[in-house]
Amino acid sequence: IAYEESYKKQIEKATGKRVIDISLDGTNPGWRRRIALKIIREINPEWCIIHWGYMWRYKRKYRTLAQEVRNTIFQEQEQSCMEGFVKTFKLLWDEPKETKLIHNFLPKFAGKDKSQDWVFAEIRKFTGDESPYISWDNQQIDTGRDGWHFGQQTISKYVENNLKKMQEIG
């Protein structure tokens, strides 16, 4: 996707506001939480939208192993990984802030549907089912040229979903 068609540029164009994009391929949820907290505490923006990436990236020490080995390790540590993600999410959720923070979940962020269902059930225990600050329903509609990252239709849908959330929150 061309830079001008990226999520960052589309949301800037739609809102007329500068966007700080803290996304970085390969980062784990703890890193995203730390950077989001730093921005919230030091810059105090009106809005912050965080895209929760793949939770199995907690296991950084396994990153250099072959994919099939990593998959085996993840299966053995799936529950602790899910619990770690919920803890990370709750730390950011509970942070006192003036910033309006919207949480998005990447499609298949939990790897398996049953893992995602468990994580969402745990998160809903402290957010409620209908929080306007969470977008549960993001889907990957298409892929980019690499066959993995989001394509233009998916990015446009994310922008649309977040603009709706921003209007709902006010």
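Keep in mind that the numbers below use all heavy atoms, side chains included, and drop hydrogens, waters and symmetry copies.
Taking the six-membered ring for Trp and the full ring otherwise, the centers of Phe150 and Tyr7 sit at least 6.0 Å from each other.
Atom CD1 of Ile11 sits about 11.0 Å away from atom CG of Asp21, to the nearest 0.5 Å. Within the model, atoms CD1 of Ile35 and CD1 of Ile50 stand 10.0 Å from one another, a figure rounded to the nearest 0.5 Å. In this structure, the separation between OH on Tyr133 and CD1 on Ile49 is 12.5 Å, given to the nearest 0.5 Å. Rounding to the nearest 0.5 Å gives a distance of 6.5 Å between CD1 of Ile123 and CD1 of Ile134. Between Phe85 atom CZ and Ser115 atom OG the span is 12.0 Å, to the nearest 0.5 Å.
When every heavy atom of Lys90 is checked against every heavy atom of Asp94, the shortest pair comes out as NZ-OD2, 2.6 Å. Here the closest non-hydrogen pair linking Pro29 and Trp52 is O-CZ3, 3.5 Å. Shown here for Ile155 and Ser6, the closest heavy-atom pair between the two residues is CG2-C, 4.0 Å. When all heavy atoms of Thr154 and Ile141 are compared, the closest pair comes out as OG1-N, 2.7 Å. Residue Ile40 comes nearest to Pro45 through the heavy atom pair CA-CD, 4.1 Å, listed as atom of the first residue, atom of the second, then distance. Of all non-hydrogen atoms in Ile22 and Ala36, the two that sit nearest each other are CD1-N, 4.0 Å.
With hydrophobic clusters built from ILVMFWY side chains whose heavy atoms lie under 4.5 angstrom apart, Leu163 shares a cluster with Ile102. One hydrophobic cluster holds both Ile169 and Trp93 under the rule that ILVMFWY side chains link at heavy-atom gaps under 4.5 Å.
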Audit row: Trp136, Glu130, side-chain contact (heavy atoms from CB on, under 4.5 Å) steps and yes/no: CA-CA 10 Å; Trp136 306 102; Glu130 301 298 325; over 6 Å; no
Glu122 and Met82: side-chain contact (heavy atoms from CB on, under 4.5 Å), yes or no, with the steps? CA-CA 10 Å; Glu122 290 299 303; Met82 292 186 305; over 6 Å; no
side-chain contact (heavy atoms from CB on, under 4.5 Å) between His51 and Tyr158, intermediate numbers included: CA-CA 10 Å; His51 299 277; Tyr158 265 77; 3.5 Å; yes
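In this structure a side-chain-to-backbone donor-acceptor pair under 3.5 Å is missing from Asp129 to Arg124. Checked by atom type and distance alone, the side chain of Glu12 never pairs as donor or acceptor with a backbone atom of Arg18 at under 3.5 Å. A donor-acceptor pair under 3.5 Å is formed between the side chain of Lys100 and the backbone N or O of Gly170.
Between Pro132 and the choices Gln167, Glu168, Lys164, Met166, the side-chain contact (heavy atoms from CB on, under 4.5 Å) rule is met once, by Glu168.
Residue-environment remark: CD (Glu98) stays at or below the threshold of 12 foreign heavy atoms within 6.0 Å.
Taking 4.5 Å as the limit, every side-chain heavy atom of Asn162 sits out of range of all side-chain heavy atoms of Trp47. Between Ile20 and Ile43 there is a side-chain heavy-atom pair separated by less than 4.5 Å.
Applying the side-chain contact (heavy atoms from CB on, under 4.5 Å) test to Glu95 and every residue at least two apart in sequence or in another chain returns Leu37, Arg41, Lys97. Annotation: side-chain contact (heavy atoms from CB on, under 4.5 Å) contacts of Ser135 (sequence neighbours excluded): Asn104, Asp137, Asn138, Asn161, Lys165.
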